[in-house]
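What follows is one structure encoded as structure tokens, with my remarks underneath.
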Protein chains: 2
Amino acid sequence: MQDRSSTNAFGHKLESFGALPSGDLEALAALTADAQSLGADCDLVHEGEPCDTVVVVLRGFACRYRLLAGGQRQITAYLIPGDCFGLQDGVLGMSTSAIGTLTPCTVAQVPRDALLAFGRRHPAIGQALRSAVIADEAVLQEWLVNVGRRTAYQRIGHLLCELLVRMRAIGAAQGNGYDLPLTQYDIGDTTALSVVHVNRTLQQLRGEGLIRWDRRRVEIPDPARLAAAAMFDPAYLHFEHVAAEAVGDRRLSA
Amino acid sequence: MQDRSSTNAFGHKLESFGALPSGDLEALAALTADAQSLGADCDLVHEGEPCDTVVVVLRGFACRYRLLAGGQRQITAYLIPGDCFGLQDGVLGMSTSAIGTLTPCTVAQVPRDALLAFGRRHPAIGQALRSAVIADEAVLQEWLVNVGRRTAYQRIGHLLCELLVRMRAIGAAQGNGYDLPLTQYDIGDTTALSVVHVNRTLQQLRGEGLIRWDRRRVEIPDPARLAAAAMFDPAYLHFEHVAAEAVGDRRLSA
DNA sequence: CGGATGGTTGAAACCGTTCAAAATCTGTGG
DNA sequence: CCACAGATTTTGAACGGTTTCAACCATCCG
């Protein structure tokens with residue numbers, strides 16, 4: 001499982017919504033075969049421009065974001081390996097957000113029409129793609145709740161819980177830890193907090209033993225405890241099997 | 001145009017994404033024929049429950065929201081006449097949000113399968129439904145930006161601009177005014193502000209002549225000026241023709 | 001070694017919250 | 001048509017979470 005995730009994270013992600021015929025997976029891998037490697041801070045899609053390809057992230061962290069007049073950035077979604085963007089946005093003439101890499105990435109760009117046609121020929125994939133779109137929208141809503149109604153402490157805790165579940169779903173977590181190559185600026189642009197406050201809040205979370213975050217690696221000693229502190233309920237992520245394993249069952253959290 | 005909006009707001013809304021064959025509109029009206037009248041504060045869909053119908057609002061204001069443990073409410077979308085909910089959410093077993101009325105409403109509940117099948121038989125409608133889903137997602141993203149990155153003053157101004165454009169799109173605005181039967185609590189739950197601060201911010205906006213809001217009616221004397229103050233750019237709403245009229249062109253704003 | 005990036009710390013200022021109460025509006029029944 | 005109750009809006013004052021500004025430190029890497 002872990003092996004396949006590195007060669008085709010996209011298929012692995014789609015499988016987290018339900019089993020897929022292995023033939024489908026191989027055909028899908030062919031679609032994303034010609035991937036490109038990019039450094040950090042590269043833009044793949046620009047806000048307000050037409051865009052008829054789907055961006056599939058195979059390695060690294062990318063994000064969807066909007067830039068405001070004052071130069072502020074609001075990140076509205078993370079794209080981790082297996083995630084894609086563009087099945088919807090951009091259909092009506094132009095994208096309402098930019099897509100950029102946060103870390104060095106490997107990405108494939110598939111013409112949207114080709115991917116949709118592929119989904120029609122392989123119904124299980126088509127269904128999984130629709131599921132992915134729905135799950136993305138649910139995450140977006142949860143982020144609105146996060147930014148609107150939770151304290152800095154909960155926002156960051158919640159984000160780290162979400163990432164644990166998502167990283168597990170693609171086989172990129174080891175136990176209760178995962179690599180998180182983001183800066184505190186990135187976390188601030190995601191949670192709508194200043195870097196300074198992100199830093200202090202992180203120290204608080206560390207001080208209480210809820211997280212360890214050392215040189216790009218996060219460990220969550222007791223996911224159930226962090227989830228409770230951050231009011232995190234993984235239901236919105238729509239892959240319950242993985243989610244239950246990650247935080248729902250205290251027996252698995254040590 | 002105004003006449004039809006009252007009899008079939010749903011069709012009118014879908015038309016705002018592009019012209020539709022009139023036969024389609026009539027058939028669509030039949031689908032939503034058996035509507036029900038509801039009072040304020042009625043729940044139509046509960047969070048975390050399966051839901052296989054699409055809610056179509058024909059009259060009144062409804063909303064999508066999430067309730068947190070502390071009793072706080074975050075509204076994540078408004079459903080004004082013509083808007084629908086449930087084409088996506090609920091597909092994966094359960095809804096990630098509740099739907100409730102904010103004011104007395106007339107709503108139709110259409111089985112999702114029936115609506116999707118209808119969209120297949122009437123391609124223009126199917127396309128319009130997809131457009132509506134995409135536009136909804138863009139609005140959700142904009143709300144995240146609004147709550148995350150804008151001041152109270154801008155948040156509320158932005159919301160009122162958005163509503164002007166949306167109300168115009170369904171023919172429910174008169175000039176630069178529209179009926180807004182929401183309480184300041186509702187505005188607070190939308191913009192993630194306390195009622196007290198909503199009240200003071202509203203007074204500020206009124207004091208500067210950017211809005212008038214008297215007994216459930218909002219007037220925006222100079223939409224372009226309010227849009228500038230609130231950093232509002234209607235592009236994300238995806239019906240540019242209406243949007244340009246509403247705030248893009250100063251000559252029309254008086 | 002030196003420059004750049006990212007992380008950490010302190011202090012002051014601010015935006016928005018909370019609590020508490022008063023004023024106003026709205027609808028309803030007598 | 002009035003009286004009353006509940007909902008909504010408004011006001012005041014104190015508090016506090018978060019931001020901003022301004023340094024300083026650590027680490028990485030050529």
Side-chain angles (χ1 to χ4, degrees), chain A residues 39-42 61 68 70-75 101-104 146-160 179-207 211-218 229-231, chain B residues 39-42 61 68 70-74 101-104 146-160 179-207 211-218 229-230:
Chain A
D41 299 311
C42 295
F61 271 63
L68 282 87
Q72 309 158 85
R73 175 177 67 159
Q74 177 66 51
I75 294 178
T101 60
L102 291 167
T103 71
N146 210 29
V147 166
R149 292 293 156 189
R150 293 199 254 260
T151 63
Y153 183 83
Q154 296 172 317
R155 280 183 222 182
I156 294 178
H158 194 280
L159 179 64
L160 295 177
D179 286 316
L180 185 60
L182 303 181
T183 68
Q184 296 184 359
Y185 280 93
D186 296 330
I187 304 293
D189 286 349
T190 305
T191 53
L193 297 165
S194 68
V195 208
V196 173
H197 204 55
V198 168
N199 183 278
R200 287 175 176 138
T201 306
L202 244 16
Q203 290 179 51
Q204 198 188 343
L205 285 163
R206 275 191 295 239
I211 65 166
R212 286 197 298 271
W213 185 344
D214 197 41
R215 63 195 67 195
R216 321 207 138 174
R217 179 153 191 94
V218 174
M231 308 204 302
Chain B
D41 297 313
C42 294
F61 271 63
L68 282 88
Q72 308 158 85
R73 175 176 68 159
Q74 177 66 50
T101 60
L102 291 167
T103 70
N146 209 29
V147 167
R149 292 292 156 192
R150 293 200 253 259
T151 64
Y153 183 84
Q154 295 171 318
R155 282 183 220 180
I156 294 178
H158 194 279
L159 179 64
L160 295 177
D179 285 315
L180 186 60
L182 304 181
T183 68
Q184 296 183 5
Y185 279 93
D186 296 330
I187 303 293
D189 287 348
T190 306
T191 53
L193 297 165
S194 68
V195 208
V196 174
H197 203 55
V198 168
N199 183 277
R200 286 177 175 136
T201 306
L202 244 17
Q203 289 178 50
Q204 197 187 342
L205 286 163
R206 275 191 296 238
I211 64 167
R212 285 196 300 270
W213 185 344
D214 196 42
R215 63 195 65 198
R216 322 204 138 173
R217 178 151 191 94
V218 174

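In what follows, chains carry the letters A, B, and so on, assigned in the order in which the sequence lines appear, proteins first and then strands, with residues in each chain numbered from 1. Bear in mind that the values here come from a model prediction, so they are computed numbers and not experimental data.
Using a 4.0 Å heavy-atom distance criterion, A/Leu193 is classed as a sugar-phosphate-only contact. Heavy atoms of A/Arg206 sit under 4.0 angstrom from primed sugar atoms or phosphate atoms, though from no base atom. Among the protein residues, B/Ala40 comes within range of no part of the nucleic acid, since none of its heavy atoms lies under 4.0 Å from any strand. Across all strands shown, A/Thr183 has heavy atoms under 4.0 Å from sugar-phosphate atoms exclusively, and none from any base.
Taking atom CD of residue A/Gln204 and atom C1' of nucleotide C/dT9, one finds them 16 Å apart after rounding to whole Å. Following rounding to the nearest Å, B/Arg150 (CZ) and C/dC15 (P) show an atom-to-atom distance of 18 Å. Atom-to-atom, CG of A/Leu180 to C1' of C/dG6 comes out at 14 Å; the value is rounded to the nearest Å. Taking atom CG of residue A/Asp189 and atom P of nucleotide C/dG6, one finds them 12 Å apart after rounding to whole Å. One can place CZ of B/Arg149 at 17 Å from P of C/dC15, the figure rounded to the nearest angstrom. Whole-Å rounding puts the A/Leu182 CG to C/dG6 P distance at 11 Å. A straight line from CG of A/Asp186 to P of C/dG7 spans 9 Å, rounded to a whole angstrom. In this structure, B/His197 atom NE2 and C/dT17 atom P are separated by 6 Å, rounded to whole Å.
Between B/Val195 and A/Thr151, the residue anchored nearer the 5' end of DNA chain D, judged by the nucleotide with its closest heavy atom, is B/Val195. Between A/Arg155 and A/Arg215, the one whose closest nucleotide on DNA chain D sits nearer the 5' end is A/Arg155.
The side chain of A/Asn199 places an N or O atom within less than 4.0 Å of a non-bridging phosphate oxygen (OP1 or OP2) of C/dT8. Between A/Gln203 and C/dT9, a side-chain N or O to OP1/OP2 separation shorter than 4.0 Å is present. The shortest distance between the side-chain N/O atoms of B/Arg200 and the OP1/OP2 oxygens of C/dT18 is not below 4.0 Å. For D/dT9, neither phosphate oxygen OP1 nor OP2 lies less than 4.0 angstrom from any side-chain nitrogen or oxygen of B/Arg216. OP1 or OP2 of D/dA7 has not a single side-chain nitrogen or oxygen of B/Gln184 nearer than 4.0 Å.
No hydrogens or angles considered: nothing links the side chains of A/Gln72 and B/Arg149 as a donor-acceptor pair under 3.5 Å.
Using a 4.5 Å heavy-atom threshold, the side chains of A/Met231 and A/Thr151 count as separate.
Annotation: A/Arg206, atom CZ; neighbour count of heavy atoms from other residues, nucleotides and ligands within 6.0 Å is above 12.
Note: A/Arg150 CZ to A/Ile156 CD1 = 13.0 Å, rounded to the nearest 0.5 Å. The line from CZ of A/Arg200 to OG of A/Ser194 is 8.0 Å long, rounded to the nearest 0.5 Å.
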